[in-house]
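FYI, side chains are in, hydrogens and waters are out, and symmetry mates aren't considered; it's all heavy atoms of this structure.
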Amino acid sequence: MERMQGEAEGDHLERPSPLTDKEKVMIQDSWAKVYENCDDTGVAILVRLFVNFPSSRQYFSQFKHIEEPEELERSAQLRKHANRVMNGLNTLVESLDNSEKVASVLKLLGKAHALRHKVEPVYFKILSGVILEVLGEAFSEVVTPEVAAAWTKLLATMYCGINAVYEEVGWSKHSSSSG
């Protein structure tokens, strides 16, 4: 049984209040430091996701059978996907002052993962928790509790935005309970 992070299974999280200017600056300042180590951080996030939540590997045919963290770290496909995740986050962070751009990025991401990859939306909530965990550990000097709170708000906003896209494209809530 996997340990689940975050709120209870209710996917009806309230959309957090919009980020304040101060929170946007804290996120962007901390991200600048994180993004300097883009490749290693992205790999650390995905390895942690796949080790702590093994069911998340089912969506990745290239490495779903790899269980050893060291082997995952060496996987070229994992590194490639980690890079896409970090670049997506970078686009979001760079676009915090452009809500239309953020909505557009989340719509593309949500549609691809719902329709093409058929990823359960709860994995975005799980991934958000893993991102916070890794950033807090690897960048504790810049991800202070106050900065972590801003990141929590951003990641909750991201999750709510992606979840809304899933609903828009007709994702069945019941698909997650039949397993």
Side-chain angles (χ1 to χ4, degrees), residues 1-16 31 34-35 38-69 71-95 101-135 151-179:
M1 178 100 182
E2 296 180 9
R3 82 188 157 87
M4 287 293 182
Q5 285 176 301
E7 296 76 9
E9 272 311 323
D11 268 349
H12 297 291
L13 285 181
E14 283 184 40
R15 185 175 289 278
W31 181 251
V34 171
Y35 204 60
C38 171
D39 293 341
D40 290 342
T41 304
V43 168
I45 288 167
L46 288 186
V47 168
R48 173 91 47 104
L49 173 71
F50 297 145
V51 168
N52 290 354
F53 303 93
S55 66
S56 61
R57 288 197 309 257
Q58 70 185 302
Y59 301 106
F60 296 90
S61 58
Q62 318 93 318
F63 42 84
K64 70 179 178 187
H65 301 296
I66 302 174
E67 292 185 24
E68 292 303 313
E71 202 178 333
L72 281 167
E73 286 172 15
R74 289 191 300 268
S75 164
Q77 291 94 340
L78 182 132
R79 289 190 161 278
K80 197 165 133 186
H81 194 72
N83 191 270
R84 280 203 301 271
V85 169
M86 294 301 283
N87 286 330
L89 279 170
N90 189 55
T91 301
L92 284 178
V93 171
E94 285 180 344
S95 306
K101 172 80 172 170
V102 169
S104 162
V105 169
L106 294 180
K107 187 168 220 148
L108 281 170
L109 190 67
K111 279 187 170 177
H113 285 79
L115 302 174
R116 191 166 352 123
H117 307 302
K118 311 242 184 288
V119 174
E120 294 285 340
V122 70
Y123 285 101
F124 286 98
K125 190 191 307 182
I126 293 167
L127 179 62
S128 294
V130 171
I131 290 169
L132 280 170
E133 219 174 69
V134 170
L135 294 187
W151 271 100
T152 300
K153 204 166 157 183
L154 172 63
L155 293 167
T157 301
M158 181 189 81
Y159 172 73
C160 288
I162 289 172
N163 211 36
V165 173
Y166 269 69
E167 288 177 16
E168 207 176 280
V169 300
W171 182 268
S172 168
K173 291 255 184 241
H174 304 293
S175 62
S176 60
S177 53
S178 65

Flag the pair [X] / [Y] as yes when at least one side-chain heavy-atom distance between them is below 4.5 Å, and no otherwise.
X: Asn52; Y: Ile126; answer: no
X: Arg57; Y: Glu67; answer: yes
X: Leu89; Y: Tyr35; answer: no

### Query
Is the gap between the ring centers of His113 and Tyr59 under 6.0 Å?
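Aromatic pair excluded; centres sit 6.0 Å or further apart.
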First locate atom [atom1] of [X], then atom [atom2] of [Y], and finally report the distance between them rounded to the nearest 0.5 Å.
X: Leu78; Y: Phe50; atom1: CG; atom2: CZ; value: 5.5 Å
X: Glu120; Y: Trp171; atom1: CD; atom2: CH2; value: 5.0 Å
X: Thr41; Y: Asn83; atom1: OG1; atom2: CG; value: 11.5 Å
X: Met158; Y: Leu109; atom1: CE; atom2: CG; value: 7.0 Å
X: Leu46; Y: Gln77; atom1: CG; atom2: CD; value: 12.5 Å
X: Ile66; Y: Phe60; atom1: CD1; atom2: CZ; value: 12.0 Å

Heavy-atom closest pair, residues [X] and [Y]:
X: Leu155; Y: Ser128; value: CD1-O, 3.6 Å
X: Gly161; Y: Leu106; value: CA-CD1, 4.0 Å
X: Pro16; Y: Cys160; value: CD-SG, 4.1 Å
X: Val119; Y: Tyr166; value: O-OH, 2.6 Å
X: Ala114; Y: Val169; value: CB-CG2, 3.9 Å
X: Pro69; Y: Val51; value: CG-CG2, 3.8 Å

### Query
Checking Arg79 side chain against Glu73 main chain: does a donor-acceptor pair fall under 3.5 Å?
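Here the side-chain-to-backbone pair exists.
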### Message
Using a 3.5 Å distance criterion without hydrogens, assess whether the side chain of Thr91 forms a donor-acceptor pair with backbone atoms of Asn87.
### Response
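Yes.
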### Query
Ion pair present between Glu168 and Lys107, side-chain N to carboxylate O less than 4.0 angstrom?
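Yes, Glu168 and Lys107 are salt-bridged.
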### Query
Which is it for Asp39 and Met86 under the side chain to side chain contact (heavy atoms under 4.5 Å, CB included) test, yes or no, and what are the steps along the way?
CA-CA 8 Å; Asp39 293 341; Met86 294 301 283; over 6 Å; no
### Message
Test side chain to side chain contact (heavy atoms under 4.5 Å, CB included) on Phe124 and Asn163; report intermediate values, then the result.
### Response
CA-CA 9 Å; Phe124 286 98; Asn163 211 36; over 6 Å; no
#### Entry: Distance-only polar pair, side chains of Ser55 and Tyr123, donor-acceptor under 3.5 Å
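Tyr123 and Ser55 do have a side-chain donor-acceptor pair below 3.5 Å.
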### Query
So with a 6.0 Å cut-off around NZ of Lys153, is the heavy-atom count from everything else above 12?
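More than 12 heavy atoms, drawn from other residues, nucleotides or ligands, come within 6.0 Å of this atom.
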